[in-house]
Peer 1: 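Quick one: the structure is below, and I'll ask about it shortly.
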Amino acid sequence: MILLDGKKISEEIKNEIKFSVEKLIVNRQRPPHLAAILVGEDGASLTYIGSKIRSCDQVGFKSSLFRYSSDISEIDLIKKINDLNLDSEIDGFIVQLPLPSHIDEHRVLLSINPKKDVDGFHPTNFGKMALGLKSFVPATPYGIMKLIEKYDIQTEGKSCLVVGRSNIVGRPISILMSLRGKYANSTVTIAHSKSKNLLELTSKADIVIMALGIPEFLKSDMIQKGSTVIDVGITRVEDKSKKNGYTIKGDVDFKSVSKKAKYLTPVPGGVGPMTIAMLLQNTLDARLLNSS
Ligand code: NDP
């Protein structure tokens, strides 16, 4: 089994980004600036935002975090987004999801200037991505595509099963895998909670991408020998032996699947770090777009 080492590849990408930032500085230009909006106190969101900010420091980006309490109104949140849209010192920004239930996520995402939408969730970027045009691609699917490319995994004509149809992972990765391109050109099936005969689908797929959020759901007897398995899942599972009280689990039973798959991403250290690296890449691209 070949481990798809997202930690290592993401470090390589971050070093390339850092080099590009150093070139900007040498040319007396300002570094890229990523801003993040966080509403509420969700523990997982705080962790994700924390690592995004730390990664900005690592590559020489400027970063700003705007925190609001969970009772902020939708109107006030959109006003803040408008300020960021107009701020010429900020190249890109993200609104950490999920948002509290009284806020309409779609209205919020629609209010982001697509040129600063480094998460790639705005319909303009999503539509361009679906058409195979240049756009900001959502960071998690972008990271998966990069891993596939870096490990030279053959995808053309292969059957690819995506389990999960969310707008941030399942649906975009299913589109990307079906587009024309050397590391795409797959025959894609997308499964979700209403799908029947999941076992039949997983056992026939050459490539299985798991993005459902159920710990260790995929077992070795569900896959073909020699398949490629990408585990997107990140779930905190109670673990009293750990200082923080939890352990992180993916959607794949790593121990058993690693004996049968040809390629496999670990959790942690697989798709997670790639997601952050690709968010930084989108921000660098936004910065360069800004100066051109
Ligand atoms: P969502 O909860 O938005 O979507 C889950 C999807 O899984 C839904 O489409 C749902 O179907 C489907 N599903 C649920 N149960 C089953 C089942 N038994 N069989 C088949 N399909 C099922 O999750 P996300 O896409 O946001 O995230 C998925 C996982 O990936 C989570 O663990 C999340 O933490 C992780 N994640 C990791 C990232 C990373 O950087 N590594 C980034 C983003 C997410 P239906 O649509 O019918 O409800």
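Whatever order the structure lists ligands and atoms in, that order sets their numbers, starting from 1.
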Peer 1: Going by atom types alone, do Gln281 and Asp285 pair a side-chain donor with an acceptor below 3.5 Å?
Peer 2: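 Their side chains do contain a donor-acceptor pair, which is all the 3.5 Å distance test asks for.
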Peer 1: Heavy atom of Ala191 under 4.0 Å from ligand 1?
Peer 2: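 Contact absent.
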Peer 1: Give the residue, atom name and distance (to 0.1 Å) of the protein heavy atom nearest atom 29 (C) of ligand 1.
Peer 2: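 Result for atom 29 (C) of ligand 1: Gly213 N, 3.7 Å.
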Peer 1: Enumerate the atoms of ligand 1 whose separation from the nearest heavy atom of Ala211 is less than 4.0 angstrom.
Peer 2: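 Counting from 1, the qualifying ligand atoms are 5 (C), 6 (C), 7 (O), 28 (C).
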Peer 1: Please indicate, with yes or no, if any protein heavy atom is found under 4.0 Å from atom 27 (O) of ligand 1?
Peer 2: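 Within 4.0 Å of atom 27 (O) of ligand 1, no protein heavy atoms are found.
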Peer 1: If you count every heavy atom of other residues, nucleotides or ligands that lies below 6.0 Å from Lys249 atom NZ, does the total exceed 12?
Peer 2: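 No - once you tally the heavy atoms of other residues, nucleotides and ligands closer than 6.0 Å, there are 12 at most.
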Peer 1: With backbone taken as N, CA, C and O and side chain as the heavy atoms from C-beta onward, which portion of Val232 lies under 4.0 Å from ligand 1: side chain, backbone, both, or neither?
Peer 2: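 Within the 4.0 Å criterion, Val232 contacts ligand 1 through backbone and side-chain atoms alike.
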Peer 1: Counting both backbone and side chain atoms, is some N or O of Thr275 under 3.5 Å from an N or O of ligand 1?
Peer 2: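 The answer is yes, given that Thr275 and ligand 1 share an N or O pair closer than 3.5 Å.
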Peer 1: Within a reach of under 6.0 Å around CG of Leu133, are more than 12 heavy atoms found that belong to other residues, nucleotides or ligands?
Peer 2: yes
Peer 1: Can you run down the side chain to side chain donor-acceptor pair (under 3.5 Å) pairs that involve residues 171-182, sequence neighbours left out, and say none if there aren't any?
Peer 2: none
Peer 1: Got an N/O contact under 3.5 Å between Asp251 and ligand 1?
Peer 2: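 No, since none of the N or O atoms of Asp251 sits under 3.5 Å from an N or O of ligand 1.
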Peer 1: For the residue pair Lys219 and Ser256, confirm or rule out a side-chain donor-acceptor distance under 3.5 Å.
Peer 2: no
Peer 1: Find out if a path of hydrophobic residues (ILVMFWY) with successive side-chain heavy-atom gaps under 4.5 Å connects Val108 to Phe126.
Peer 2: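 Yes, because Val108 and Phe126 connect within a single hydrophobic cluster, where side-chain heavy atoms sit under 4.5 Å apart.
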Peer 1: Provide the number and element of each atom of ligand 1 under 4.0 Å from a heavy atom of Gly272.
Peer 2: 40 (O), 41 (N)
Peer 1: Please could you name the atoms of ligand 1 that Val163 approaches to less than 4.0 Å, counting only its heavy atoms?
Peer 2: 20 (C), 21 (N)
Peer 1: Indicate yes or no: does Glu200 engage Lys204 in a salt bridge with an N to O separation below 4.0 Å.
Peer 2: yes
Peer 1: Of the protein's non-hydrogen atoms, which lies at the shortest distance from atom 21 (N) of ligand 1, and what is that distance?
Peer 2: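 Residue, atom and distance for the closest contact: His192 C, 3.1 Å.
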Peer 1: Any donor and acceptor pair, going by atom type alone, linking the side chain of Asp251 with main-chain N or O of Ile214 inside 3.5 Å?
Peer 2: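 It does hold such a pair.
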Peer 1: Enumerate the atoms of ligand 1 whose separation from the nearest heavy atom of Ile214 is less than 4.0 angstrom.
Peer 2: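 Answer for ligand 1: 15 (N), 18 (N).
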Peer 1: Salt-bridge test for Glu11 and Lys14: reply yes if a basic N is under 4.0 Å from a carboxylate O, no otherwise.
Peer 2: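 Salt bridge flag = yes for Lys14 with Glu11.
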Peer 1: Do Lys80's NZ or CZ and the ring of Tyr68 fall within the cation-pi criteria of under 6.0 Å and 45°?
Peer 2: no
Peer 1: Could you tell me, atom by atom, which parts of ligand 1 come under 4.0 Å of a heavy atom of Ile168?
Peer 2: 26 (O)
Peer 1: Could you tell me whether Glu41 and Arg67 have a side-chain N and a carboxylate O separated by less than 4.0 Å?
Peer 2: yes
Peer 1: To which protein heavy atom is atom 2 (O) of ligand 1 closest, and what is the distance rounded to 0.1 Å?
Peer 2: Leu212 O, 4.6 Å
Peer 1: Based purely on interatomic distance, does Ser166 place a nitrogen or oxygen under 3.5 Å from a nitrogen or oxygen of ligand 1?
Peer 2: yes
Peer 1: What is the closest protein heavy atom to atom 45 (P) of ligand 1, and at what distance does it sit?
Peer 2: Ser193 OG, 3.4 Å
Peer 1: Among Thr140, Val169, Leu97, Ile234, which one has a heavy atom closest to atom 34 (O) of ligand 1?
Peer 2: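 Looking at heavy atoms only, the winner is Ile234.
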Peer 1: For atom 9 (O) of ligand 1, what's the nearest protein heavy-atom neighbour? Residue, atom name and distance, please.
Peer 2: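 Going atom by atom, the protein heavy atom closest to atom 9 (O) of ligand 1 ends up being Arg165 N, 2.8 Å.
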Peer 1: So, does Ser195 sit close enough to ligand 1 that a heavy atom of it is under 4.0 Å from the ligand?
Peer 2: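 Checking ligand 1 against Ser195, which is what was asked, there is no heavy-atom contact under 4.0 Å.
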Peer 1: Does atom 36 (N) of ligand 1 have a protein heavy-atom neighbour under 4.0 Å away?
Peer 2: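 So atom 36 (N) of ligand 1 has protein heavy-atom neighbours under 4.0 Å.
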Peer 1: If a pair satisfies salt bridge (Lys or Arg N to Asp or Glu O under 4.0 Å) and one of its residues is in residues 95-109, list it, with sequence neighbours excluded.
Peer 2: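 For residues 95-109: Glu74-Arg107, Asp104-Arg107.
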